[in-house]
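Given the structure is predicted, the values throughout are model-derived calculations rather than measurements.
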Amino acid sequence: MYVASSLLPVIAGILVSGLAVQLLAQRLRIPSVVFYLLIGVVLGPEVFGIVTLETFGDGLETIVGISVAIIVFEGAFALRLERVRRASRTSIRLVTISAVVMFAGTAGAVRFLIGTEWEIAMLIGALLVATGPTVITPILEVVRVRDHVATALETEGIVNDVTAAIVAVVIFETLLLDDLGVPATVFSFLERFGVGVAAGVLAAVSIYAVLDSDLVPERDAQASQFLVLAAAVGAFAAAEVVAAEAGVAAAATSGVILGNLDLNNREEIEQFGKNATLIVLSFVFISLAALIDVGAILGLGIGVVALVAVIMLVLRPIGAVIATLGVEQFTWPERLFIAGVGPRGIIPASVATLFAIELELAGNIEAGQILVGTVFAVIFATVAIEAGLARQIGQALGVSPMRTIIIGGGRVGRALATRLENRGEYVVV
């Protein structure tokens with residue numbers, strides 16, 4: 001009873017703080033994740049010590065996992081396949097070639113700049129591939145960009161969240177803990193990814209069958225909302241029971257499938273998903289930001305500053321150029337915007353924290369400190385600079401589409417509206 005009563009004001013404080021800074025972020029037109037990090041540090045052991053690693057006990061992993069499932073599902077649900085097709089080449093390159101460049105480049109930079117062993121360097125490299133809807137969505141709410149740019153960033157965030165989480169777990173278990181070699185690593189990745197996709201498909205098909213049956217009245221928006229939310233949480237839980245971190249793939253798969261089916265009450269479902277994401281996003285980001293160990297970051301010295309510079313100024317621009325090369329749809333300002341906006345989010349923070357705990361329990365305290373210090377340093381720097389200055393970057397590059405009102409919906413007006421819309425402009429007739 002005492003634990004529950006002492007935990008209640010902490011949770012309430014986190015939620016109230018998160019919603020308050022969300023309102024502040026909307027007013028100042030700054031992505032909310034910047035304020036979440038700041039509030040988290042203030043509430044954490046570095047300042048007031050209200051939120052610490054012991055606050056939630058063993059429940060932190062479960063809380064973070066379910067929250068990530070809801071966030072990833074909501075982002076995947078909004079990702080319509082017709083939108084993806086408009087930026088398909090760029091999206092595919094961002095989640096394949098560019099992701100490999102980021103992984104290999106980050107691992108190499110960590111190895112030589114921080115001076116850690118290759119296994120830890122590869123683990124950090126895998127984690128820092130992920131951007132994710134937790135940081136991309138708030139940016140796109142502040143900076144309005146053309147549809148193909150937004151789609152490329154959203155697709156990258158969702159897919160790379162999934163693959164980064166699974167690759168990181170596989171590297172941790174097969175190379176760092178057991179040293180089973182490359183073949184076992186590849187097999188473990190495919191196994192977890194397959195489990196996640198299978199669980200996501202099963203959950204989506206099951207929920208759609210219920211929604212399409214007589215059990216749910218066509219106008220019952222509330223039932224539709226909770227059933228779709230059940231798909232996210234159910235798919236995540238089922239996959240996690242079979243294989244660790246397969247749940248992220250399951251949530252993303254179920255979200256993409258249900259998001260592209262003809263569902264009743266779609267607008268109400270999307271709004272419910274956004275509201276749920278707003279609550280869990282503030283809670284998870286503030287909770288994990290409170291676990292930042294400033295001492296561990298400072299202990300890395302000038303090497304971590306150089307690492308952040310390499311990731312932001314070298315690897316991300318290279319990945320963006322590779323992804324958009326030869327795609328005439330993207331202008332150079334839009335390519336530079338993609339290059340300048342790649343903050344890291346919840347997946348690296350949560351997984352790195354859990355890995356650091358396991359490493360310290362195994363007696364490898366130094367490796368745990370290097371892992372969490374490096375990952376949180378990159379998260380903090382990219383969120384503060386790339387997310388915090390996203391609106392200014394967008395304005396400087398002029399990537400926001402033109403807003404046009406056409407008075408009159410005749411043949412000429414409709415033809416003009418179609419041409420402008422095909423260019424990615426916002427048109428109201």
Side-chain angles (χ1 to χ4, degrees), residues 37 41 44-46 53 98-131 160 163-182 184-185 189 245 288-289 291-319 342-345 347-386:
L37 275 181
V41 172
E46 300 295 335
L53 194 57
S98 297
V100 171
V101 168
M102 181 61 71
F103 166 63
T106 303
V110 171
R111 174 71 177 87
F112 295 107
L113 295 174
I114 306 297
T116 186
E117 57 191 26
W118 271 114
E119 289 82 359
I120 292 292
M122 291 174 65
L123 180 60
I124 294 172
L127 286 173
L128 292 179
V129 167
T131 51
N160 283 355
T163 54
I166 296 176
V167 170
V169 170
V170 169
I171 289 174
F172 184 75
E173 292 184 353
T174 61
L175 294 183
L176 197 62
L177 294 185
D178 299 324
D179 196 15
L180 299 179
V182 175
T185 302
F189 170 80
E245 298 304 326
L288 289 176
L291 307 181
I292 293 177
D293 187 343
V294 176
I297 296 174
L298 295 176
L300 297 173
I302 194 67
V304 75
V305 178
L307 174 65
V308 169
V310 167
I311 290 173
M312 293 175 57
L313 303 178
V314 179
L315 298 177
R316 179 64 182 180
I318 288 174
R344 274 45 176 187
I347 289 293
S350 59
V351 178
T353 301
L354 299 174
F355 285 170
I357 294 171
E358 291 192 41
L359 286 170
E360 290 179 9
L361 290 175
N364 199 346
I365 298 176
E366 183 182 359
Q369 290 179 337
I370 290 174
L371 171 63
V372 76
T374 303
V375 169
F376 271 107
V378 174
I379 292 172
F380 204 89
T382 55
V383 167
I385 297 172
E386 296 183 340

Inter-residue atom distance [X].[atom1] - [Y].[atom2], 0.5 Å rounding:
| X | Y | atom1 | atom2 | answer |
| --- | --- | --- | --- | --- |
| Ile370 | Ile124 | CD1 | CD1 | 7.5 Å |
| Thr106 | Leu315 | OG1 | CG | 5.0 Å |
| Glu117 | Leu123 | CD | CG | 10.0 Å |
| Thr382 | Ile385 | OG1 | CD1 | 8.0 Å |
| Leu113 | Leu300 | CG | CG | 11.0 Å |
| Ile166 | Ile171 | CD1 | CD1 | 12.0 Å |

Can you confirm whether [X] sits close enough to [Y] that some side-chain heavy atom of one is under 4.5 Å from a side-chain heavy atom of the other?
| X | Y | value |
| --- | --- | --- |
| Met102 | Leu128 | no |
| Met122 | Phe103 | yes |
| Leu359 | Ile120 | yes |
| Val41 | Phe380 | yes |
| Val372 | Phe355 | no |
| Ile311 | Leu307 | yes |

Indicate the atoms forming the closest heavy-atom contact of [X] with [Y], along with that distance.
| X | Y | result |
| --- | --- | --- |
| Ala121 | Arg111 | CB-N, 3.9 Å |
| Thr163 | Phe189 | O-CE1, 4.2 Å |
| Ala164 | Ala126 | CB-O, 3.3 Å |
| Ile347 | Ala165 | CG2-CB, 4.0 Å |
| Ile297 | Gly373 | CG1-O, 3.4 Å |
| Ser98 | Gly319 | OG-O, 2.6 Å |

Run the salt bridge (charged side-chain N to carboxylate O under 4.0 Å, His left out) test against Arg316 and tell me which residues pass, sequence neighbours left out.
Glu156
Anything under 30° is parallel, anything over 60° is perpendicular, the rest tilted; go ahead and classify Trp118 against Phe112.
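Aromatic pair Trp118/Phe112 classed perpendicular.
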